[in-house]
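Okay, so here's the structure we're looking at.
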Amino acid sequence: MSELDPHGTLPRLAPYRTWPGSLVLFTLIVAYVGGLVTWNSNTPPGEPVTPDVRIAVGEGVSYVPAAGWNLDAATIKAGEKHGVTREAAALSIAAKKWTGSPQTPLERAKQAVLSAKELRHVDASRPFQTASGFSGTTVGYSGKSIQGRLWAIVDTKDQVAVIIDAHATPNQFRGVKADIDAMVASVQLEATP
Amino acid sequence: MSAESVGQSTVASAPIGVEGFIQPRRAAFWLLVFFLANGLYSVILLVLNSHRVVPEGMWLSLLLWTLYALPFVGFIRALDLDEEHSVLGFLLAFAWGGLGAVYLAIPANDAIFALAGKLGSPEFKSSWGAAIAGPTTEEFLKYAGVVLLVMVARTQFRTPLSVVLTGAVVGLGFQIVENFVYATNAAVAATSDDQLTPVLSTFLVRGLLCGLWSHSVYTAVSAYGLAVFLFDREASLAKRVGVAALFFALAWLLHATWNSPILSSIQAQGLGGAILYIFIKGIPVLVVGIWIWRMALREQATYLEGLAEYYVSDPALIAPDERPSLACLGTRRAERKALRKRAGRAAARQLRALQRAQLRLLTTLGRWGPGNRTTAHERQVRKARRRLEALLAKEA
């Protein structure tokens, strides 16, 4: 202690090591974030779907998941969104009230997919019609390790927008295409009274 | 991280002074830079992606939350009574919250939500996912930033208040970026082409109604525990660790309660119910925040009075009756108010200048001891006092 600092309370420019503490902190952060991500990747997505059972998504929209697929518990949001997976393939279907332009939902979904999935190619959008009479717009997309398709159905009368996104690895996409088409074709909208 | 990591004799013989936050020779500095750089990249991508999907909503959100941050930063800066931290210290704390912590929290939170859905159920995920993921991931990551900043420049942290304020700024940075994300997500989830109304509603709810009891308070609470660990050297290590853990748990509990569906039935009862719900859940958080701030301020007062007692004997610099109010914002404001009534606005302004000059003098003394660095501050105090006395004489 000095005259200047009788109680030893003034800060001192003494060297000190921070690498042990930094290493501990880095390890804790990486273990926490990496551990959770790894745990999630290694946890199976959910129960197998019950064949031929119609699932309510929300806003009166329902569909029938294909047999052999599993519920995607991480995607499902009651009243808003439902999803199923099969190996690397996934299909999600979201429904919401929509009072805006019929083009906007697909455009927004396309932009969201473009920014999230590092795509290389996006097809031109084209109209489609399901066997049950629904019509909308669809667009395909592909990237280095992904191939997928978006479908948008906007029911202006009932003011509902439905967005379906299905994707898989390019090889697998061809294998599950029939299932995906069947699930899209099964979409129904309960008419409002 | 502690002073004991180098020998006590080395510390005692080292020159007196305070280091800046740029410390390229310390591993902690590079760890901070690493996470900040990754965070910056990730948050820029987030902003660009939002711009792709909802450009108008993104711009409005960016503008609103930037403007929102400014008075908050000013407020926290005002709480830093004696300006212990440099602007860079505040910037780094804000950046850790808004960049480093957000960047790390996104994948961790996503994983917890997904696990809640898979191991629990989609309903459990919707109800309790946020109450588990939010506090666990976010409180840990924000706290890690405060610890890292202390490691980078420990001499910058002289009192518990300095650690608490750093925590508050880390929390604020997180709060602002999180709210930006929520607002743009609301625009994406909108039920019409209008992107602006959902952003404005989010701003109203998350910014104006919930802003006072959010991340800034949670991290200030956990940072107080860290301050006890750092400064209560007389207590045993076990006690210091225990107290730090308790305050972290308190921050976790406040955050978890806020995010939980507890009392959500009130929220369902219309607009009045929703506002009541926000206040019922928010006020306890604010009360704890004020309690923490008052404890830190009390310790700040003891620290400043100690410095004044030992180093400032000249009453022309700090008069005996001025000492008790050095670190009390309320008393200082009351003194200015009384003077304004008695001698006018100019005198009150001059008293404010005198109070600030006195605090700057004490801060410099606390960092460097008496010497050349304090002489200029002493001159400032004398000058401010002369001006005040001249104004009072004129008034008389």
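Letters go in sequence order (proteins before strands), and every chain restarts at 1.
- Chain B forms the most heavy-atom pairs under 4.5 Å with one residue out of A:Ser41, A:Gly35, A:Pro44, and that residue is A:Pro44.
- Of the two parts of B:Leu31, only the side chain, counted from C-beta on, holds a non-hydrogen atom closer than 4.5 Å to a non-hydrogen atom of chain A.
- Residue A:Phe26 touches chain B through both its backbone and its side chain, counting heavy-atom pairs closer than 4.5 Å.
- Options A:Val37, A:Val33, A:Ile29 differ in how many heavy-atom pairs under 4.5 Å they form with chain B, and the most are formed by A:Ile29.
- With a 4.5 angstrom heavy-atom cutoff, B:Leu148 touches chain A via backbone and side-chain atoms both.
- With a threshold of 4.5 angstrom between heavy atoms, A:Lys96 approaches chain B through side-chain atoms but not through N, CA, C or O.
- In terms of modelled atom types and a separation under 3.5 Å, the side chain of A:Thr138 and the main chain of A:Leu150 share a donor-acceptor contact.
- Electrostatic pairing of B:Arg367 and B:Glu19 does not count as a salt bridge here, judged by no charged N lying under 4.0 Å from a carboxylate O.
- When the candidates B:Trp30, B:Phe113, B:Phe35 are compared by the number of heavy-atom contacts under 4.5 Å with chain A, B:Phe35 comes out ahead.
- In this structure, the portion of B:Val188 lying under 4.5 Å from any heavy atom of chain A is its backbone and not its side chain.
- A:Gln172 places a side-chain N or O within 3.5 Å of a backbone atom of A:Ala88 that can act as its donor or acceptor partner.
- Remark: A:Arg149 fails to qualify as a cation-pi partner of A:Phe128 under the 6.0 Å distance and 45° angle criteria applied to the six-membered ring.
- Top candidate by heavy-atom pairs under 4.5 Å with chain A, chosen from B:Ala116, B:Gly306, B:Ala190, B:Ser126, is B:Ala190.
- In this structure the side chain of A:Lys110 never reaches within 4.5 angstrom of the side chain of A:Tyr141, judged on heavy atoms.
- Of the atoms belonging to B:Arg158, it is side-chain heavy atoms, and not backbone ones, that fall under 4.5 Å from chain A.
- For B:Glu309, the CD atom sits in a loose shell: 12 or fewer heavy atoms of surrounding residues, nucleotides or ligands are nearer than 6.0 Å.
- Under 3.5 Å, the side chains of A:Thr104 and B:Asp193 contain a donor-acceptor pair of N or O atoms.
- Between the side chains of A:Gln147 and A:Ser142, no donor-acceptor pair of N or O atoms lies under 3.5 Å.
- Heavy atoms of B:Val152 lying under 4.5 Å from chain A belong exclusively to its backbone.
- Of the two parts of B:Lys125, only the side chain, counted from C-beta on, holds a non-hydrogen atom closer than 4.5 Å to a non-hydrogen atom of chain A.
- For chain B, the nearby parts of A:Leu28 are the backbone and the side chain; heavy atoms of each come within less than 4.5 Å.
- Of the residues considered (B:Ser192, B:Gly120, B:Ser121, B:Pro107), B:Ser192 shows the highest number of contacts with chain A, using heavy-atom pairs under 4.5 Å.
- Distance alone, capped at 3.5 Å, is enough to place a donor-acceptor pair between the A:Ser186 side chain and the A:Val64 backbone.
- A donor-acceptor pair under 3.5 Å is formed between the side chain of B:Ser264 and the backbone N or O of B:Pro261.
- With no hydrogens or angles considered, no side-chain donor-acceptor pair links B:Asn49 and A:Gln111 at under 3.5 Å.
- Taking A:Ala161, A:Ala73, A:Ala78 one by one and counting their heavy-atom pairs under 4.5 Å with chain B, the maximum is reached by A:Ala73.
- For B:Phe29, no part lies under 4.5 angstrom from a heavy atom of chain A.
- With a 4.5 angstrom heavy-atom cutoff, B:Leu141 touches chain A only via side-chain atoms.
- For B:Thr136, the parts lying near chain A are the backbone and the side chain together; criterion is any non-hydrogen pair under 4.5 Å.
- Using a 4.5 Å cut-off between heavy atoms, B:Ala187 contacts chain A through its backbone alone, with no side-chain atom that close.
- Counting heavy-atom pairs closer than 4.5 Å to chain B, the top-ranked of the candidates A:Thr38, A:Thr43, A:Asn40 is A:Asn40.
- Of the residues considered (B:Arg25, B:Lys118, B:Gln23, B:Gln156), B:Lys118 shows the highest number of contacts with chain A, using heavy-atom pairs under 4.5 Å.
- Looking at B:Thr159 and B:Gln300, their side chains do bring a donor and an acceptor atom within 3.5 Å of each other.
- Side-chain N/O atoms of A:Trp69 and A:Thr85 include no donor and acceptor closer than 3.5 Å.
- B:Thr137 touches chain A through backbone and side chain together, each having a heavy atom under 4.5 Å away.
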